[in-house]
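To start, the structure under review is shown below, and the notes come after it.
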Amino acid sequence: MQDIVICSVPYSYLNYIYSAPAILKGVLLQNGYSARTADFGIELYKMCGRDKVKFAKVQNYFVNDDSISNDVEIFYQNCIDFFKKNPSKYIGLCVWSVFAHKAVYDLCERIKKAGIESKIIIGGRGCKVKPFANINQYLELKPTEKILSFGDFLKKRKLINECVIGDGEDAILAIVSGKEYVPDPNSESFKYPVPDYLDYDFKEYFIDDQIMLPVTGSKGCVRDCDFCDIKFQFGKYRYRSGTDIANEMISLSQKYNIYKFQFTDSLVNGGLKPFMEFLNILSEYNLKNPDKQIKWNGQYICRPEMQIPKNMYRLMQQSGAHGLNVGAESGSNQVLTSINKKTTVEALYSELEQFRIHGITCVLLAFVGHWSETWDDFKKTCEMLVNCARYARSGTISGISLGLPMMMLDGTPAFAHMEENNVQVAHFDDNNIWINKNNPTNTFKERIRRRLIVFEICKKLNIPTLLDYENFLYLKTVVDTHHEKINSYYEDQLRTCLTEH
Amino acid sequence: MKTSSELALQNIDEFLLDFLSEEIIVTVNYESSRVTEGSKFIIEFNNEKVLDKFIDIETNSFTFVRPKQIKNQLTIRMLGKKPFDTVVQDDIIIKDTFVKLEHIFINGYELKQDFLKKNVIYKDKNDNITEFMSGFWHDGCMTLEFDWPFEFYFNDKKKNNYDYSMANLTDQSIEVLKNELAVSLKRLRV
């Protein structure tokens, strides 16, 4: 019997290898425990015959209010069979975000029903926040349950034994050894052994047909954008030394013969000192090993030009930077200020120009319908897309992810400051259905229209976009399921706005 | 009454016109050299000479701005090179008169070799169409004709990167779903 089986669950993005199970396995093995990992997202993808459209449709169940399909039932049964074939003292389930809530809930329930006696541990960013809107509908939560964190909610329903909030690396050791874990809130750095990916079937993941290994260089963020819950989840920004990260990448590349890496960090350039240290080591390694050059990508924040160290772009290029995810968010500086982004659209253009000069590619992340976004602000985002088309043509921008329209998510500053921003959410779906009474034309319907407009702009200008299918499917299901409630909600709210004015 | 977003969705081309420049901004970065004086480097835009200069030894950049026309023509030419403007010693050119085009930008878009090869007409001094070269080592000219808005023209001609977006989902499956979403959206009143 294994000590622990650690699994990631859908909703899954197949161009992303979930590293948490491998990191925890590495920690456990180093300390003399046995462990294995499983990616149930990949198992579901295989079950869908590796058909990406079918996979997107089946997965929609996990993030929406679709009724359970036969495919999902079979998938769950396969997971239970896996647990029976791989008995363990503990089962670890990764709740990487609210999008994993439904699968984790269903699996916990089925593990109990199947009489599997393993203790269940959950951990990840989705544990600390309230149950996702679709869970409320699905399980008809009581008001007292709706205000609990997802971890506490599962504990209350006696579905789990332990919930790890924050770092799992030390907590997992404490749990399997029966000790109490006390996190150190003042720690500025962290370290862990080389992750163990031996249970992963790398060939199943697709990113330009090349596998990327995940690597974590920091936790938390130096910014506090209002749509993002990173600060709430991780607290203080902590980072590993540039040498430590570079050594892990070199060691993993030699072990698995994989030379592409994807940082799981919220940002790779949060600390410029470790970032420059990392760039210098990898640049030197790449110059000395032309046949085994490492490439890496990750999330990257724009900084004003004066903050950029000399030679940084050249070193980024030499160290193998490519496909960096840059949060552009909006083309309106007013919206960027409301987001608390601490950057401007002009800084984005300046950064893109440097990327173009140095041959560094990137993917932009943007979204529409921020609570402060007026029609004029939205037009500035459209203008930004037009200005970005030239970088798509030069190859600098590989793609733009236009995402879902603004969601009000528990744990984000936007959610915490709803009252002062005059934002009100609907009780039946507090993520999607909300109104800013100072900007009342920004309704859910308007946000979907804006999402469709930016899609059409990108199509017209041949700007590559990502995940449109998944986004449209999600939005369509919300509309189809709740249209009557949505209509009543907005009609009531707009009536109140008119009365108030 | 239709909202701004409804109108924009109905006619995305017209909506986009608001964001496109009414002007055409052309930048030519070049490197040139000469043996004797007298050869000329000329840039014409819509039949107007915007640059007419004697070729010199330099690395330079030239930018001009002109109001848009629906049909536009950019012509770059070299004139007046003489046989002794190419100096050969032991079968090796040791000195030459030439203009090498390093970069051409129109409205911020870089017109790279692959685009120019497919879309410009390159002619020699006898007005015969010849293979494209990224500059002039003999008398000749290159002409690019393009429509306004340049952004529509160029992004339609050059679609590099575009496949990336599909992540192996076809355009068609996204289009079908997008249309279904648009139909669902009609269920919402506000």
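Below, chain A is the first sequence line, B the second, and so on; all start at residue 1.
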Report the distance from atom [atom1] of [X] to atom [atom2] of [Y], rounding to the nearest 0.5 Å.
X	Y	atom1	atom2	value
K178(B)	N471(A)	NZ	CG	14.5 Å
Y391(A)	E110(B)	OH	CD	10.5 Å
C382(A)	D18(B)	SG	CG	9.5 Å
F472(A)	L177(B)	CZ	CG	7.5 Å
R450(A)	S4(B)	CZ	OG	9.0 Å
S5(B)	I448(A)	OG	CD1	11.0 Å

Could you tell me whether [X] atom [atom1] has more than 12 heavy atoms of other residues or ligands within 6.0 Å of it?
X	atom1	answer
F54(B)	CZ	no
N47(B)	CG	no
I121(B)	CD1	no
E37(B)	CD	no
K40(B)	NZ	yes
K117(B)	NZ	no

Where [X] and [Y] come nearest, the two heavy atoms and their spacing:
X	Y	value
K379(A)	F19(B)	O-CE2, 3.3 Å
R187(B)	N487(A)	O-ND2, 2.9 Å
F455(A)	E175(B)	CE2-OE2, 3.8 Å

Under 4.5 Å from any heavy atom of chain A, what part of [X] do you find: side chain, backbone, both or neither?
X	answer
L181(B)	both
D13(B)	side chain
L185(B)	both
K112(B)	side chain

Report yes or no: is the cationic atom of K460(A) (NZ for Lys, CZ for Arg) under 6.0 Å from the centre of the six-membered ring of F152(B), at an angle within 45° of the ring normal?
yes
Counting only non-hydrogen atoms closer than 4.5 Å, can you tell me which residues of residues 474-485 of chain A sit against chain B?
L475(A), K476(A), V479(A), D480(A), H483(A)
Where does L494(A) contact chain B at under 4.5 Å (heavy atoms): side chain, backbone, both or neither?
side chain
Which portion of I486(A) sits near chain B, non-hydrogen atoms under 4.5 angstrom
side chain
May I ask you to decide if the ring planes of F15(B) and W375(A) are parallel, tilted or perpendicular, using 30° and 60° as cut-offs?
tilted
Between the main-chain N or O of F154(B) and the side-chain N or O of N462(A), is there a donor-acceptor pair closer than 3.5 Å?
no
Out of K445(A), E446(A), E491(A), which one pairs with V190(B) under the side chain to side chain contact (heavy atoms under 4.5 Å, CB included) rule?
E491(A)
From CA spacing to verdict: side-chain contact (heavy atoms from CB on, under 4.5 Å), T3(B), R449(A):
CA-CA 10 Å; T3(B) 63; R449(A) 274 214 205 98; 3.3 Å; yes
Max heavy-atom pair count under 4.5 Å with chain B, selected residue of I457(A), I453(A), L452(A), T441(A):
I453(A)
Less than 4.5 Å apart, any side-chain heavy atom of Y490(A) and any of R189(B)?
no
Working note: F105(B) + R390(A), criterion side-chain contact (heavy atoms from CB on, under 4.5 Å); need CA distance, chi angles, decisive distance, verdict.
CA-CA 10 Å; F105(B) 293 91; R390(A) 69 195 61 162; over 6 Å; no
